[in-house]
Amino acid sequence: MSTLKAVRGTRDLLPPETALWNRIEATARDVFARYNFGEIRTPVFEDTGLFARGVGEETDIVSKEMYTWEDRARAQSEKTQSLTLRPENTAGVVRAYIEHGLGESGLLQKLYYIGPQFRRERPQKGRYRQFSQIGAEVIGPPSAGSESPLRDAEVLEMLATLLDELGITGWTLELNSVGSSADRERYNQALRAALVPVVSQMCPDCQRRAETNPLRVLDCKVAADQPIIERLPVIADSLDEESKKHFAAVTAALDAAGVPYTLNHRLVRGLDYYTRTTFEFTHGGLGAQNALLGGGRYDGLSEMLGGPRAPGIGFAIGEDRLVLTLLAQLDQKAAPPQVADAFIAPLGEGMNAAALVLARELRHQGLWIELGEGSFRLKKSFEAADKTARQIVILGEDELQSGILTVKNFSTGIQSKVPRGELAVFLAEPAN
RNA sequence: GCGGUUAUAGUUCAGCGGCAGAACGCCUGACUGUGGCUCAGGAUGUCGAGGGUUCGAUCCCCUCUAACCGCCCCA
């Protein structure tokens with residue numbers, strides 16, 4: 001019988017790596033707070049219809065990657081409900097926006113989330129079936145300014161700030177506009193028309209894409225196809241005046257703020273709800289999964305879900321990919337194991353209870369304490385202490401009677417006698 | 001979902017159709033209340049799982065599972 005393991009595409013996160021996850025999340029919360037975002041937590045599963053309508057029936061995510069099941073009916077007469085583990089979080093946030101009438105405040109809603117998402121894809125490095133996204137949405141009624149290109153620019157500037165504060169170096173912001181849904185439709189037709197005479201010279205994948213999703217042809221990496229792709233129409237030419245004006249305002253604001261970006265007119269994103277601005281922050285160290293985060297504007301999503309008009313813009317960061325990138329940059333050396341301030345070594349099992357009392361005192365004073373075990377020989381206590389703490393406190397009969405404790409610092413090698421009343425202050429001083 | 005590579009000790013990895021190996025880590029002692037350095041000794045394990053070929057399989061064959069790489073797609 002084989003032992004049980006974490007299922008395919010899922011994994012355990014262990015210390016010390018979890019410390020990095022916590023640092024990333026703390027930094028994100030800090031940055032979001034400065035931009036006046038509040039946290040939203042939506043359910044991990046939702047009615048399947050939310051994703052079918054919100055993300056799009058024809059997308060890969062909905063058509064083949066969702067974890068969906070029929071919920072048990074409570075009564076014979078009741079119909080079962082189709083539920084799905086969320087494959088992304090924007091649809092859930094917009095559902096909550098509609099459900100709670102958040103638009104009625106007349107204010108812009110600025111919401112962020114951190115949490116697991118689920119897609120049944122073939123796992124690879126940087127791609128898991130349960131993965132974590134850090135995302136945010138700016139959404140509200142047009143009267144709150146939700147359509148303004150300033151919102152796009154602010155979100156992008158915030159992301160640049162976040163990546164910089166996380167210490168991610170070498171990222172690239174790729175930017176495009178896919179226009180309104182009408183613009184997109186017009187472009188699709190132009191693209192199909194332009195492909196007809198040339199598609200037979202292209203790779204088999206492109207021949208298939210030309211049928212199923214012409215926009216995807218732009219993503220082709222086959223070298224021989226590139227000259228053909230170069231001559232295909234560009235989406236910018238299909239944008240209406242409003243969309244052009246919007247995009248020009250976004251780039252102008254980014255220029256003013258000094259946020260570097262690259263225009264990529266081939267950047268088309270896979271979710272149906274995107275309109276106008278779309279973007280991706282990429283990083284070279286991630287291999288085939290080079291997108292650190294992706295996002296864009298979704299002016300029609302609320303209405304697609306039966307809500308009021310509520311334009312918005314948002315993004316999702318692949319937290320797993322952030323961790324991979326930082327781990328690669330840190331080069332393992334800058335991952336110091338977490339060590340306690342002090343290790344308390346009781347001498348003999350008779351000292352165990354007294355050691356707990358001492359540990360309690362010190363912990364209540366804010367110190368990180370590792371509590372040893374009296375049956376250990378002192379040598380063994382030292383060995384354990386050296387791996388888990390900066391210093392060791394010896395608690396034997398002598399120390400208990402006299403109230404003068406023996407402390408040894410591992411980095412300096414200095415051993416000291418410290419009165420119990422001064423112990424907490426002494427231990428807190430890194431140089432002792 | 002498709003193609004390729006891989007799977008041996010806690011970890012990183014050698015290995016061979018005939019007793020399962022190294023390094024690091026771990027445990028014990030030298031050192032009875034003093035770690036790191038050193039020395040001596042010890043345990044590492046269903047050789048990913050299941051089946052087949054063979055006198056004999058960790059090794060060859062098949063199936064499965066998983067990781068990694070590429071495709072698809074995406075965070």
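Quick caveat: nothing in here was measured; it's all calculated off a predicted structure. Just so we're on the same page: letters track the sequence lines, and every chain starts at 1.
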Nucleotide nearest A:Asp386 when distance is taken to its side chain, options B:rG36, B:rC2, B:rC72: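 Of B:rG36, B:rC2, B:rC72, B:rG36 is nearest to the side chain of A:Asp386.
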Nucleotide of B:rC26, B:rG3, B:rC72 approaching A:Arg127 most closely (side-chain heavy atoms):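 That would be B:rC72.
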Between [X] and [Y], does any side-chain N to carboxylate O distance fall below 4.0 Å?
X        : Y        : result
A:Glu147 : A:Arg297 : no
A:Lys380 : A:Glu383 : no
A:Glu46  : A:Arg95  : yes
A:Arg321 : A:Glu319 : no
A:Glu88  : A:Arg119 : no

Pick the [atom1] atom in [N] and in [M], then give their distance to the nearest Å.
N      : M      : atom1 : value
B:rA7  : B:rC64 : C1'   : 13 Å
B:rG56 : B:rG18 : C1'   : 7 Å
B:rG1  : B:rG15 : P     : 34 Å
B:rA57 : B:rA20 : P     : 12 Å
B:rU8  : B:rU46 : C1'   : 12 Å
B:rC61 : B:rC73 : P     : 35 Å
B:rG17 : B:rG4  : P     : 26 Å
B:rC69 : B:rU28 : P     : 40 Å

Spacing between [X] atom [atom1] and [N] atom [atom2], to the nearest angstrom:
X        : N      : atom1 : atom2 : value
A:Arg129 : B:rC74 : CZ    : P     : 17 Å
A:Asp320 : B:rC68 : CG    : P     : 11 Å
A:Arg122 : B:rC2  : CZ    : C1'   : 7 Å
A:Lys64  : B:rC2  : NZ    : P     : 12 Å
A:Asp60  : B:rC2  : CG    : C1'   : 14 Å
A:Arg8   : B:rG48 : CZ    : C1'   : 14 Å
A:Lys387 : B:rG25 : NZ    : P     : 9 Å
A:Glu121 : B:rG70 : CD    : P     : 14 Å

What nucleic acid atoms does [X] come within less than 4.0 Å of, heavy atoms only: base, sugar-phosphate, or nothing?
X        : result
A:Arg11  : nothing
A:Leu292 : sugar-phosphate
A:Gly135 : nothing
A:Ala316 : sugar-phosphate
A:Phe376 : nothing
A:Gln124 : base
A:Gly9   : sugar-phosphate

I'd like to know if the side chain of [X] pairs up with that of [Y] as donor and acceptor (distance under 3.5 Å, no hydrogens or angles considered).
X        : Y        : result
A:Asn290 : A:Thr282 : no
A:Glu157 : A:Thr161 : yes
A:Asp47  : A:Ser82  : no
A:Glu17  : A:Trp21  : yes

With sequence neighbours excluded, residues passing ring pair (Phe, Tyr, Trp, His ring centres under 6.0 Å) with A:Tyr273: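 Ring pair (Phe, Tyr, Trp, His ring centres under 6.0 Å) check on A:Tyr273 returns A:Tyr298.
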Protein-proximity profile, nucleotides 28-34 of chain B, B/S/- by nucleotide at the 4.0 Å heavy-atom cutoff, equals SSSSSBB
Earlier contact from the 5' end, RNA chain B, for A:Glu319 and A:Lys125: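 Nearer the 5' end of the strand: A:Lys125.
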Both A:Pro123 and A:Arg321 contact RNA chain B. Which one's nearest nucleotide lies toward the 5' end?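 So the residue in question is A:Pro123.
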Using a 3.5 Å cut-off on both pairing distances, which stems of three or more Watson-Crick or G-U pairs include RNA chain B?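 Stem segments, range with range: B:1-7 with B:65-71, B:10-13 with B:21-24, B:26-30 with B:38-42, B:48-52 with B:60-64.
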State, yes or no, whether a side-chain contact exists between A:Leu405 and A:Ile394 at a heavy-atom distance under 4.5 Å.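 A:Leu405 does not reach A:Ile394 side chain to side chain.
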